[in-house]
Amino acid sequence: FSLRPLDSRLAYSAPTTTSGETLAVLRATNVRASVTTSSSITLSWVPASSPSLSGQLLSLSPDGGATWGYNEAAAHAPVLLPTAAATAIDALLPDTTYLARVD
């Protein structure tokens, strides 16, 4: 697998790049991925800051951003605490490029 973060210009970084930045006000920034095994990564970010934020939604896209969803095979929940700044993502498929975002 590989991960292509969405940057502030709404462009995707190369699969070998493990950092990016998102644009929306209530979207996490500085999203980074670190490979931990052949089928898992640790995703970290700077959480969005808003008093109305009740949680963060982690989404993955295996098809270049055409669809976004939750990796249902993974052990983590798709909605994270508003102050969460990292999570492990497992059960990723080999030879698949994933895009990740934290809203």
Side-chain angles (χ1 to χ4, degrees):
F1 69 90
S2 59
L3 183 76
R4 297 179 61 201
L6 179 67
D7 69 18
S8 62
R9 296 176 310 276
L10 297 179
Y12 294 104
S13 302
T16 55
T17 302
T18 59
S19 66
E21 189 172 317
T22 57
L23 181 63
V25 173
L26 291 179
R27 188 174 284 172
T29 58
N30 203 24
V31 178
R32 298 177 182 273
S34 301
V35 175
T36 53
T37 72
S38 63
S39 63
S40 65
I41 61 170
T42 297
L43 194 65
S44 61
W45 60 88
V46 175
S49 178
S50 171
S52 64
L53 188 65
S54 61
Q56 299 178 87
L57 176 64
L58 172 62
S59 302
L60 297 176
S61 174
D63 55 14
T67 61
W68 291 90
Y70 167 61
N71 184 8
E72 294 172 1
H76 65 284
V79 178
L80 307 168
L81 294 173
T83 57
T87 192
I89 301 173
D90 54 7
L92 298 172
L93 300 174
D95 301 318
T96 302
T97 297
Y98 289 91
L99 304 178
R101 70 181 186 202
V102 182
D103 296 312

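Positions are given from 1, in the same order as the sequence printed here.
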Approximate separation, where rounding is to 0.5 Å, of Thr37 OG1 and Leu92 CG: 8.0 Å
For the student: nearest non-hydrogen atoms of Ala84 and Trp45, plus distance: O-NE1, 3.0 Å
Which atom of Ser54 lies closest to which atom of Pro82, heavy atoms considered: O-CD, 3.6 Å
Verdict with supporting geometry, Leu58 and Thr87, side-chain contact (heavy atoms from CB on, under 4.5 Å): CA-CA 9 Å; Leu58 172 62; Thr87 192; 3.8 Å; yes
Polar side-chain atom of Gln56 near backbone of Pro47 as donor-acceptor pair, under 3.5 Å: no
Criterion side-chain contact (heavy atoms from CB on, under 4.5 Å) on Leu60 and Leu99, from CA distance to verdict: CA-CA 6 Å; Leu60 297 176; Leu99 304 178; over 6 Å; no
Rounded distance [0.5 Å steps], OH in Tyr98 versus CD1 in Ile89: 10.0 Å
Within one Ile-Leu-Val-Met-Phe-Trp-Tyr cluster: Leu93 and Ile41, side-chain cutoff 4.5 Å: yes
By side chain to side chain donor-acceptor pair (under 3.5 Å) - contacts of Ser61 (at least two apart): Asp63
